[in-house]
Amino acid sequence: MTEPSPSAAGPQRTHGSRAKSGRFFILSFVGKTLNHMYHAKWGKLMLVLFLAAVVVTASATVSVFFYTVGTGTVQTPDVQILAGPDVGASCTAYPCASGSVTGTHDVLTATLSFFPAATGASPIPGTYYSNFAQVKNTAVSGSHSIKSVQIINIGGTTADLGSITVYYCTAQTEFTAAGALVTPGNCVGSFAITSGTGGTVSGTFPVSIGFGVTHYIEVAAYAASGATASTSVTFQIAVQWS
């Protein structure tokens with residue numbers, strides 16, 4: 001009868017015992033490595049750097065990001081800028097205002113004429129555009145809010161500027177010969193451009209604009225008495241709404 005081989009005679013290692021042996025080998029290897037580093041030249045410094053690296057790795061930040069998917073849909077704005085009846089396609093006689101609105105309904109580019117005035121007179125002779133531009137809520141339902149009306153980007157030959165007063169009105173009105181509004185209660189407020197400095201139309205904002213409702217921008221203007229013909233003053237009217 002043959003003797004059992006040493007491997008067969010001893011207890012058979014299970015998968016678990018092999019795994020434990022493997023884990024022990026790894027730990028033993030790390031321990032021996034650290035011990036060798038500690039006694040070697042520069043070992044203490046290397047050991048400190050190694051442990052520092054372990055600490056840094058252990059304290060690293062874990063970030064979690066969440067995402068949402070959005071879709072932007074192009075629409076026509078409810079509140080639109082329109083040219084008023086005072087603004088035509090072109091000018092052949094003066095006083096006159098001409099211009100056009102972009103297809104996006106957010107920019108009116110217009111040119112208006114105004115004349116040198118004898119500012120010593122009372123009232124000062126001026127040119128009046130009582131329906132220069134319109135702000136309309138074209139929605140089929142729901143109201144919006146006009147937050148503010150600002151006069152910005154004033155430029156050109158401002159030395160020729162007498163005054164250009166911009167009115168924001170919730171209902172259209174006219175001017176008297178003395179330059180006063182026929183129905184001042186129709187207008188929220190005004191701003192007079194007398195220099196290259198812009199500003200905000202006075203009055204209490206925000207102003208509600210219901211669906212289908214139209215508001216009006218009206219202008220009263222005169223140039224300085226010494227103004228030269230064919231020079232110009234430029235400005236922009238910015239209407240903020242939500």
Side-chain angles (χ1 to χ4, degrees), residues 79-88 91 93-99 101 108-138 143-154 158 160-225 227 232-241:
V79 178
Q80 302 179 7
I81 185 78
L82 307 170
D86 293 340
V87 177
C91 287
Y94 301 96
C96 176
S98 62
V101 178
L108 165 63
T109 301
T111 299
L112 58 90
S113 64
F114 65 135
F115 310 113
T119 54
S122 182
I124 300 173
T127 305
Y128 302 96
Y129 298 90
S130 60
N131 201 332
F132 178 74
Q134 299 178 357
V135 178
K136 186 172 184 178
N137 183 355
T138 61
S143 63
H144 288 280
S145 179
I146 305 298
K147 300 293 186 180
S148 69
V149 179
Q150 301 173 22
I151 312 302
I152 59 175
N153 296 336
I154 300 169
T158 54
D160 287 352
L161 173 63
S163 177
I164 301 176
T165 303
V166 177
Y167 296 85
Y168 188 84
C169 307
T170 56
Q172 195 270 328
T173 186
E174 297 288 344
F175 293 91
T176 68
L181 293 168
V182 173
T183 314
N186 287 353
C187 299
V188 175
S190 63
F191 178 80
I193 308 170
T194 56
S195 68
T197 303
T200 303
V201 169
S202 61
T204 303
F205 287 93
V207 176
S208 178
I209 180 169
F211 66 93
V213 173
T214 300
H215 289 176
Y216 300 84
I217 294 175
E218 306 188 21
V219 176
Y222 63 89
S225 57
S232 61
V233 176
T234 60
F235 62 95
Q236 292 179 320
I237 304 171
V239 179
Q240 180 188 14
W241 63 277

*Asks:* Take T165 and I193 through the test side chain to side chain contact (heavy atoms under 4.5 Å, CB included) and record every step on the way to the result.
*Replies:* CA-CA 6 Å; T165 303; I193 308 170; over 6 Å; no

*Asks:* Look only at the side chain of N137 and the backbone of V213, and say whether a donor-acceptor pair between them is shorter than 3.5 Å.
*Replies:* no

*Asks:* Indicate yes or no for a side-chain donor-acceptor contact from T173 to the backbone of T183 under 3.5 Å, with no hydrogens or angles considered.
*Replies:*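 A pair under 3.5 Å: yes.
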
*Asks:* Of I217, V166, L112, which meets side chain to side chain contact (heavy atoms under 4.5 Å, CB included) against Y129?
*Replies:* L112

*Asks:* Is the shortest side-chain heavy-atom distance between F115 and P95 below 4.5 Å?
*Replies:* yes

*Asks:* Do T158 and S195 have side-chain heavy atoms sitting under 4.5 Å apart?
*Replies:* no

*Asks:* Any side-chain heavy atom of T234 within less than 4.5 Å of one from N153?
*Replies:* no

*Asks:* Between Y167 and F175, is the ring centroid distance below 6.0 Å?
*Replies:*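 Distance test on ring centres: under 6.0 Å, yes.
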
*Asks:* Could you list all the disulfide bond (SG atoms under 2.5 Å apart) pairs where at least one residue sits in residues 164-198, not counting sequence neighbours?
*Replies:*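 Every pair satisfying disulfide bond (SG atoms under 2.5 Å apart) with a residue in residues 164-198: C169-C187.
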
*Asks:* Taking the side chain as C-beta and beyond, is there a heavy-atom pair between F191 and V149 under 4.5 Å?
*Replies:*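 No, side chains not in contact.
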
*Asks:* Atom OH in Y128, atom CG in L181: separation rounded to 0.5 Å?
*Replies:* 10.0 Å

*Asks:* Does the T127 side chain pair with the main chain of F114, one donor and one acceptor, at a distance under 3.5 Å?
*Replies:* no

*Asks:* Is the closest side-chain heavy-atom distance between V135 and I81 below 4.5 Å?
*Replies:*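 They are in contact (side-chain heavy atoms under 4.5 Å apart), so the answer is yes.
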
*Asks:* Got a donor-acceptor contact below 3.5 angstrom from the T170 side chain to the N186 backbone?
*Replies:* yes

*Asks:* Can you pull out every side chain to side chain donor-acceptor pair (under 3.5 Å) where at least one residue sits in residues 196-221? Sequence neighbours excluded, please.
*Replies:* Y168-H215

*Asks:* Is there a donor-acceptor contact under 3.5 Å linking the side chains of Q172 and N131?
*Replies:*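 Absent: no donor and acceptor within the cut-off.
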
